[in-house]
Number of protein chains: 2
Amino acid sequence: MIGCDDPAEPGKVGLTTAASDEAEFLRRYDAARYEKPSFTVDLVIFTVRDEHLHVLLVKRAEHPFKGCWALPGGFLDPRRDASVDACAARKLIQETGVRAPYLEQLKTYGSRDRDPRGWTATTVYFALMASESVRLLGNQAEASWVGVRGDQVDFELAFDHAQILADAVERLRSKLEYTHIAVHLLPEEFTLPELQRTYEIILQQPLDKSSFRRRVIQADMLEELTGKQRDGFGRPAQLYRFRDYGRRTFFPRSISRHAR
Amino acid sequence: MIGCDDPAEPGKVGLTTAASDEAEFLRRYDAARYEKPSFTVDLVIFTVRDEHLHVLLVKRAEHPFKGCWALPGGFLDPRRDASVDACAARKLIQETGVRAPYLEQLKTYGSRDRDPRGWTATTVYFALMASESVRLLGNQAEASWVGVRGDQVDFELAFDHAQILADAVERLRSKLEYTHIAVHLLPEEFTLPELQRTYEIILQQPLDKSSFRRRVIQADMLEELTGKQRDGFGRPAQLYRFRDYGRRTFFPRSISRHAR
DNA sequence: AGTGTATAGTTGCTTTTTACAACTAAAAGA
DNA sequence: TCTTTTAGTTGTAAAAAGCAACTATACACT
């Protein structure tokens, strides 16, 4: 049968014995280590303010692209970051002070020419948060919320960040079609009209009220806060809270429902 | 904190002169540069054979996990690979000789302890191909198609590859629900019963014939090869070919169709 | 040729889900 | 009280999916 006949001992990292094939391996490993690409983590942090989708950008203080706006992020620190996810969470807190609204890995971009300094790879995460919950910390760099038009901002971005932003917007829109993801763009307690407005802003089209409510409520991911309402101009709206058990989607009929 | 400031010179590396009275920042930057995580690319290559989903695995010839089965992959080579995508394509050809059936980035896994040698990150791709089109090249390593049961194989895998495989299977299943992706598991010309059978094998449940046909055909991504049929026991089946304009899904009603 | 059987493909009806529009409800202000 | 504004519901028609029975076309066997 097939098994692992030689489990490595974690912690003991190889330089020990003089087994010749192991030595050869280490030689090649060392060589490879010198030619590793640089590895960074970048963030696409979205929020909705003033009836528009916004993304958090920072102004670069150093070369390359000095003075240019870019997605926040930077080198992963192997001593500090136990994992790529942890690195992303750390950078998110650094920038926004917010611990865990919604953070999901988007994609990894890596090539020889995306950075003039040479081969780099960046793993990009996208985060959603309520604009109220954020106080920009912007460590040394100038940071700002920037409105997104279509799938881009009004000016040039550093590196391939324009493409990354476009991909992130596409992913956001596509996830909106079948998940409750937009709740993370609102405060913890919100009303259905607010949620619908958020969808409309991001999808850039009006939605039918009764269909929207039916779909969102039938998925059974919202908890009604009985008694609590939000006042406004007209009739007060019922408050809800998101509860995340299971990963139900909006589609009652996926293809597997053809089952007989 | 380490920012994306100084250009790294890819040739001139790290162990240089010790701490002169340079800035604390530079000292830590050099240290970090020396401690870049290792970067690899791994592949989850799927095919359907003998009425079951199979994945391509290789037996590791080196430490760690020597003798253990693992996903094919390895270090990215910055001199050879212009991009991460190119690296994945190169490794795919190395293993299977197949150029471009279907190759999509899955996710990046990186942490301090997924490899006993230290901090590593791996960007994983998943590929689909028709089993007929493959001749295993298995360079130096022993390679084999292995049946997938549920979302795993019957034995232990190296590193965190069991988790990666499970994630890949989940992604494959979920994409099957709303795309034509399964056509890449079949030869270029195929029949609707063959396609339906492929769906059933991967989703692990029987589907209704007329609903399946309606859905697949209405999405209008299949070209009927008039005149050509595939013979078998009973009535011959019509041959089709996949044509990939647009990215229509199986869902005629996404949430944005609520538009008014 | 005639019959059985195996697989491919279609059709018709029922049920479920959605779209759309009109309706009621609850607040504020004149 | 009446108008305005926003929230939320209901009823109906249309669309899509589920389900089952039907037809079609091949081969094998007698």
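The shortest non-hydrogen separation linking A:Met129 to A:Val98 is CE-CB, 4.0 Å. The two residues A:Gly147 and A:His54 make their nearest non-hydrogen contact at N-CD2, 3.5 Å.
Along DNA chain D, the nucleotide nearest to A:Phe233 and the one nearest to A:Ser210 differ in position, and the one closer to the 5' end is contacted by A:Phe233.
Considering only residues two or more places apart in sequence or on other chains, A:Phe190 meets the ring-ring contact (aromatic ring centres under 6.0 Å, His included) condition with none of them. For A:Tyr125, the side chain to side chain donor-acceptor pair (under 3.5 Å) partners at least two apart in sequence or on another chain are A:Asp85, A:Gln105. Remark: B:Arg149 pairs with no residue by the side chain to side chain donor-acceptor pair (under 3.5 Å) rule, at least two apart or across chains.
For the salt bridge (Lys or Arg N to Asp or Glu O under 4.0 Å) condition, the pairs that include at least one residue of residues 183-193 of chain B, sequence neighbours left out, are B:Glu188-B:Arg241, B:Glu189-B:Lys228, B:Glu189-B:Arg241.
Contacts between residues 234-243 of chain B and DNA chain D, counted as heavy-atom distances below 4.0 Å, involve B:Gly234, B:Arg235, B:Pro236.
Regarding A:Asp208, its CG atom lies at a distance of 17 Å from the P atom of D:dT12, rounded to whole Å. Protein atom CD of A:Gln218 is 14 Å distant from nucleotide atom C1' of D:dT9, rounded to whole Å. One interatomic measurement links the two molecules: CD of A:Gln196 to P of D:dT9, which rounds to 13 Å at whole-angstrom precision. Summarising the geometry, the separation between CG on A:Leu222 and P on D:dG8 is reported as 12 Å, rounded to the nearest angstrom. Straight-line distance from the CZ atom of A:Arg215 to the P atom of C:dT16: 18 Å, rounded to whole Å. The CZ-C1' distance, from B:Arg213 to D:dT23, rounds to 13 Å in whole Å. Between the NZ atom of B:Lys209 and the P atom of C:dT7 there is a distance of 11 Å, rounded to whole Å. Across the protein-nucleic acid pair, A:Phe212 atom CZ and C:dC20 atom P stand 16 Å apart, rounded to whole Å.
The local environment of CD in A:Glu224 is crowded, with over 12 non-hydrogen atoms from other residues, nucleotides or ligands closer than 6.0 Å.
Phosphate proximity of D:dA16 to B:Arg214: absent, as no side-chain N or O sits under 4.0 Å from OP1 or OP2. Regarding contacts with the backbone of C:dT18, every side-chain N or O of A:Ser211 stays at 4.0 angstrom or more from both OP1 and OP2.
Ion pair A:Glu194/A:Arg197 not flagged as a salt bridge, since none of the NZ, NE, NH1 or NH2 atoms sits closer than 4.0 Å to an Asp/Glu carboxylate oxygen. Under a 4.0 Å N-O distance rule, the pair A:Arg243/A:Asp220 qualifies as a salt bridge.
Axis orientation changes by 10° from one end of the helix from C:dA1-D:dT30 to C:dA30-D:dT1 to the other, with each end axis drawn from 5 pairs and the value rounded to 10°.
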